[in-house]
Asks: 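Dropping the structure in here first, questions after.
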2 protein chains.
Amino acid sequence: MQRSVSLTRLKIACSDCNLRELCLPVDLNAQEIQQLCDLSHAKHAYSRGDYLYRSGGKFGSLYAIYSGSFKTQVLHEDGREQVTGFQMVGEIIGLDAICTDRHTCDAVALENSEVCELPFNKLEVLSRKLPSLQRHLHKIMSREIVRDQGIMLLLGSMRAEERLAVFLLNLSQRFAARGLSPTQFQLRMSRQEIGSYLGLKLETVSRAFSNFQDSGLINVKARSVELLELSGLHALVGKQQ
Amino acid sequence: MQRSVSLTRLKIACSDCNLRELCLPVDLNAQEIQQLCDLSHAKHAYSRGDYLYRSGGKFGSLYAIYSGSFKTQVLHEDGREQVTGFQMVGEIIGLDAICTDRHTCDAVALENSEVCELPFNKLEVLSRKLPSLQRHLHKIMSREIVRDQGIMLLLGSMRAEERLAVFLLNLSQRFAARGLSPTQFQLRMSRQEIGSYLGLKLETVSRAFSNFQDSGLINVKARSVELLELSGLHALVGKQQ
DNA sequence: CACGGATTTTGACATATATCAAACCGGTTA
DNA sequence: TAACCGGTTTGATATATGTCAAAATCCGTG
């Protein structure tokens, strides 16, 4: 069944970037996504706000995003919720449950989206059959941990504008990886969601956007963004203190 | 050789606590540590400031702390360094390298300490021989990832005093687990190191200590701490916003 | 096209933490 | 004992972000 797609070639998205992608998105090119979808025989549609899966829910499948985008979030006892990642076309989500067999976060559609259910409902089973895949997942996870160390420093020590710069550069990179424009795109998430993701209030996010605009680094109008000076954004991030 | 110690019973320290222990300390009781040391035939001594291992260094062994304590830290390109964890008697460090075969942080002695080299220089080899151990490590890692999600919310949203409260309660718990007093102990790390760990400046840490003292929650004099009202500290943490 | 609700922007102000500086220990050495 | 040194505490002030509120803008719907 699943012969024609080499899952062992899965690459984790942006492993060299400092943003957190705790739900382990995985890069696939358009062709691979198409292949997966052909295999899956199960493409599902979700409307804005629909849950792809919920925290605590039993692990069913991995999902490749065919169109649209999702956010992942954790809900805390006290009701607060935090966005832990954004997933876009061509990325795979659901890996957060590979070990515990339970999802550790909610996945919610940011817009009308389609996902392909990957043709195995138990990755663990598959991974036992494919030692190389298991080793790969192992690696992915350990890389995640390592990466998180960086993130924590960032969250602890970066200022609002630096965080937003990292965020925008990350998005840019991911759009580029899908053959989309890396300098001009539509945000699919609100200021509130960006803020939750970056550990900031929505007003702070908005102000940071405005500041970038004033500095000539970007053009921003509501959710449409144009990056004018990638180098300038990079410089912001590099600038310690 | 390593028959008498059941490594598959390793439990990750404080998996229910919100503090980050990225270098994966593992709980062992005094007896188990002794057993490990008997097996290892290799007990090493380190003075304050000595490196147990360095980031990037090839994975050699796991180490069980027989006496003393260590901190783990990451060094960043720009020279900044951040403490990522503290390890005390009875905990195992070195697991950060199990997958990549390279250490991801420095481990430095906080005081004169002794560690036992665990009797296998390649955990991966062992883990291949022991599927149950491999699965367990798998689980530990995935739990780490889950836990980190919580941490990131905390770092993003907790205030200085809450962070310090979490820190103190975590220490208390770990002392208790070793049969030491959970309410009265000596800190082995400086305000600066605590600050780095919690994402705060040393002065802020110091002030938080003083505030706790003024509120009657603790007695603190330099590095000796007495927790007077555990419930009060817990309340602080629970108190959102 | 106009309306209404949601989102975004902007402003004024409050608050928490960082920064800078000085004083204060506690232990070590001369 | 005195001088010293690292670490700690405390104070005054600066700065970044949060908070609250209002205005402006966007977007879907009738």
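In what follows, every chain begins at residue 1, and chains take the letters A, B, ... in the order their sequences are listed.
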Asks: Is B/Thr204 close enough to C/dA18 that one of its side-chain N or O atoms is under 4.0 Å from OP1 or OP2 there?
Replies: yes
Asks: For the pair B/Phe175 and B/Phe185, name the ring-plane relationship: parallel under 30°, tilted 30 to 60°, perpendicular over 60°.
Replies: parallel
Asks: Counting C-beta onward and ignoring hydrogens, is there a side-chain heavy-atom pair between B/Tyr66 and B/Val115 closer than 4.5 Å?
Replies: no
Asks: Passes side chain to side chain donor-acceptor pair (under 3.5 Å), B/His44 versus B/Glu117? Steps please.
Replies: CA-CA 8 Å; B/His44 303 288; B/Glu117 207 176 321; 2.7 Å; yes
Asks: Just how large is the angle between the end axes of the helix from C/dC1-D/dG30 to C/dA30-D/dT1, five pairs per end, to 10 degrees?
Replies: 20°
Asks: On DNA chain D, compare the nucleotides closest to B/Glu203 and B/Arg48; which residue's is nearer the 5' end?
Replies: B/Arg48
Asks: When every nucleotide of nucleotides 24-30 of chain D is labelled 5' to 3' by its protein contacts under 4.0 Å (heavy atoms), B for base, S for sugar-phosphate only, - for none, what sequence of letters results?
Replies: --S----
Asks: What is the separation between atom CD1 on A/Ile218 and atom C1' on C/dT9, rounded to the nearest whole Å?
Replies: 13 Å
Asks: Is there a donor in the side chain of A/Ser67 and an acceptor in the side chain of A/Ser113, or the other way round, less than 3.5 Å apart?
Replies: no
Asks: Do B/Arg207 and B/Asn211 have a side chain donor and acceptor closer than 3.5 Å?
Replies: no
Asks: OP1 or OP2 of C/dA6 sitting under 4.0 Å from any side-chain N/O of A/Ser190?
Replies: no
Asks: Scan A/Ser206 against the nucleic acid and name what it touches under 4.0 Å (heavy atoms): base, sugar-phosphate only, or nothing.
Replies: base
Asks: Side chains of A/Leu227 and A/Gln184: does their closest heavy-atom pair fall under 4.5 Å?
Replies: no
Asks: Round to the nearest Å and state the distance from B/Leu202 atom CG to D/dT8 atom P.
Replies: 8 Å
Asks: I'd like to know if A/Arg207 reaches the base of D/dT19 with its side chain such that a donor and an acceptor end up less than 3.5 angstrom apart.
Replies: yes
Asks: Using a 4.5 Å cut-off on heavy atoms from C-beta on, say whether the side chain of B/Gln73 contacts that of B/Val108.
Replies: yes
